[in-house]
Amino acid sequence: MPGMDGLHIENISMRFDLPNGSSVQALKNVSMDIRTGEMVSILGPSGCGKTTLLNIVAGFLAPTQGAVKLDTTAVAGPGPERGMVFQKGALFEWMSVRKNVEFGPRMKGMAKAERDRITDHLLGVVGLQDFKDKAVYELSGGMQQRVALARCLANEPDVILMDEPLGALDALTREKMQGLVLKLWKETGKTVILITHSVEEALLLGERLIVMAPRPGRIHKEYRLPFAERGVNADLREVKKSEGFQETRDEILSMIWEMEEEIMGRSEDAA
Ligand SMILES: Nc1ncnc2c1ncn2[C@@H]1O[C@H](COP(=O)(O)OP(=O)(O)OP(=O)(O)O)[C@@H](O)[C@H]1O
Ligand SMILES: [Mg+2]
C-alpha cells in the first residue's frame, strides 16, 4: 500500500501504575511516521519518556494506548527486524568479539561458513578486524560500542534503535563514533532512531530531530536538518561550523534549559 512503508508510531500513550496506587503518565498521544532509511534523533530532558518510547518500538513494552507498525505489520513483541544498541553493558563480556557478533546468526541456525563471512565483513566495517579473538572485557569502551553496532547489524534489522549509544564515551571517541554511525546509516540504508542527551549529536546525526517534553512525555517540536547529509562527505567539525548549526544548537539548548527549569520549579513547589 503506498504511504505505508516505514515505521509508524500511532498515538502512543503509556501509563505506569505504581504499587502505591499512583501512576506515571510516561507518554501521551505520541505519533510519528519515519520513512524507510530515515535517521531520526530524539532529544529531551530526563524523564520525558525517550527510553519508554524506544522500548515500545522494540516491543519490550506494550503501550496502554496506540500501536507501532513496521510497514503494515503491527509490533507485538521483540523481533529481529528491530535491533537495539544500548548505552553499554549489553555485550557478553566473557565471549570473544567474533562470538558476540555472530550470536544472532548462530541463534538462527546459520552455517559456520556464512556466519564467518558476515562477521568478517562487519568487523571490517567497524574497523575491528584485528580484534576478532579478543574477549570483550579486553576492549576499550569505544571498541565495545563498535562491537555492539556490528552485533546489531549481524541480525540484519530494518530498523536500528539506539538509546544513548555513545553516552559513555570520551569526547574524542564519541566524535569518531558519530562519523561511523553516519557512514553505517548511509551505506546500509537502515532506518535509525537515536536517542541522545547531546544537542550537537542530535543535530549531527538526525535528518529529523524530535524534541520531547516531559510530564506527560510528548512531542514538543520537530526540525528537519541538513547536517547528517552534510556530514556524510565532510569532517564533522566543519559541519558544526556550517550554516545554521550554531543557531539551531542555541535555540534547542535554550528550549531544553527552559523545560528543565520548569521541572525543577515544579518539584520545588511540591517539596
Ligand atoms: N517500569 C517503570 N515503572 C514505573 N515508572 C517508569 C518505568 N519506566 C519508566 N518510568 C517512568 O516514566 C517516565 C519516563 O521514563 P524514561 O526512562 O522513558 O525517560 P527518559 O526520557 O528515557 O529519561 P533519561 O533521559 O533519564 O534516560 C519517568 O517518569 C520514569 O520514572
Ligand atoms: Mg532513557
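Since this is a predicted model, take the numbers as computed values, not measurements. Order of appearance sets the numbers: ligands from 1, and atoms from 1 within every ligand. As a basis for the values below, the full set of heavy atoms in this structure was taken, side chains included, without hydrogen atoms, waters or symmetry mates.
- Here the straight-line distance linking atom CD of Glu93 with atom OH of Tyr137 works out to 10.0 Å at 0.5 Å rounding.
- At a heavy-atom distance under 4.0 Å, no atom of Ile195 approaches ligand 1.
- Among all non-hydrogen protein atoms, the one lying nearest atom 17 (O) of ligand 1 is Thr51 CB, 3.8 Å.
- The shortest heavy-atom distance from Leu18 to ligand 1 is under 4.0 Å.
- Listed by number with element, the atoms of ligand 1 under 4.0 angstrom from any heavy atom of Ala26 are 12 (O), 13 (C).
- With salt bridges taken as basic N to acidic carboxylate O contacts below 4.0 Å, none links Lys50 and Glu164.
- Salt bridge status for Glu262 with Arg215: absent, with no side-chain N to carboxylate O gap under 4.0 Å.
- Salt-bridge formation is not detected for the pair Glu38/Lys190: no Lys NZ or Arg NE/NH1/NH2 atom is positioned less than 4.0 Å from an Asp or Glu carboxylate oxygen.
- Judged purely by distance below 3.5 Å, without hydrogens or angles, the side chains of Asn20 and Ser22 pair a donor atom with an acceptor atom.
- Screening Arg151, Met177, Arg146 for a side-chain contact (heavy atoms from CB on, under 4.5 Å) with Val126, the sole residue that qualifies is Arg146.
- Proximity of atom 12 (O) of ligand 1 to the protein is indicated by at least one non-hydrogen atom lying closer than 4.0 angstrom.
- Scanning all protein heavy atoms for the shortest distance to atom 18 (O) of ligand 1 gives Thr52 OG1, 2.6 Å.
- Tracing side-chain contacts under 4.5 Å through hydrophobic residues (I, L, V, M, F, W, Y), one reaches Met143 starting from Leu91; they form part of the same cluster.
- For the 3.5 Å distance criterion, the side chains of Asp116 and Thr119 fail to qualify, holding no donor opposite an acceptor.
- The shortest N or O to N or O distance between Cys48 and ligand 1 is under 3.5 Å.
- Gly49 counts as a contact of ligand 1, since one of its heavy atoms falls under 4.0 Å from the ligand.
- Because the distance cut-off is set at 2.8 Å, Thr51 qualifies as a neighbour of the Mg ion (ligand 2) through one of its N, O or S atoms.
- In summary, the side chains of Ser96 and Asp133 do not present any donor paired with an acceptor at a separation below 3.5 Å, with no hydrogens or angles considered.
- Nearest to atom 23 (O) of ligand 1 among the protein's heavy atoms is Gly47 N, 2.8 Å.
- Protein heavy atoms all stay at least 4.0 Å away from atom 30 (C) of ligand 1.
- Residue His197 places a heavy atom less than 4.0 Å from ligand 1.
- Under the 4.0 angstrom criterion for non-hydrogen atoms, Gly217 is not in contact with ligand 1.
- At a 3.5 angstrom cut-off on N or O pairs, Phe16 does not count as close to ligand 1.
- The Val24 neighbourhood of ligand 1 comprises atoms 12 (O), 29 (O), with distances under 4.0 Å to a heavy atom of that residue.
- If you check which protein heavy atom lies closest to atom 24 (P) of ligand 1, you get Ser46 OG, 3.6 Å.
- With salt bridges taken as basic N to acidic carboxylate O contacts below 4.0 Å, one links Arg249 and Glu200.
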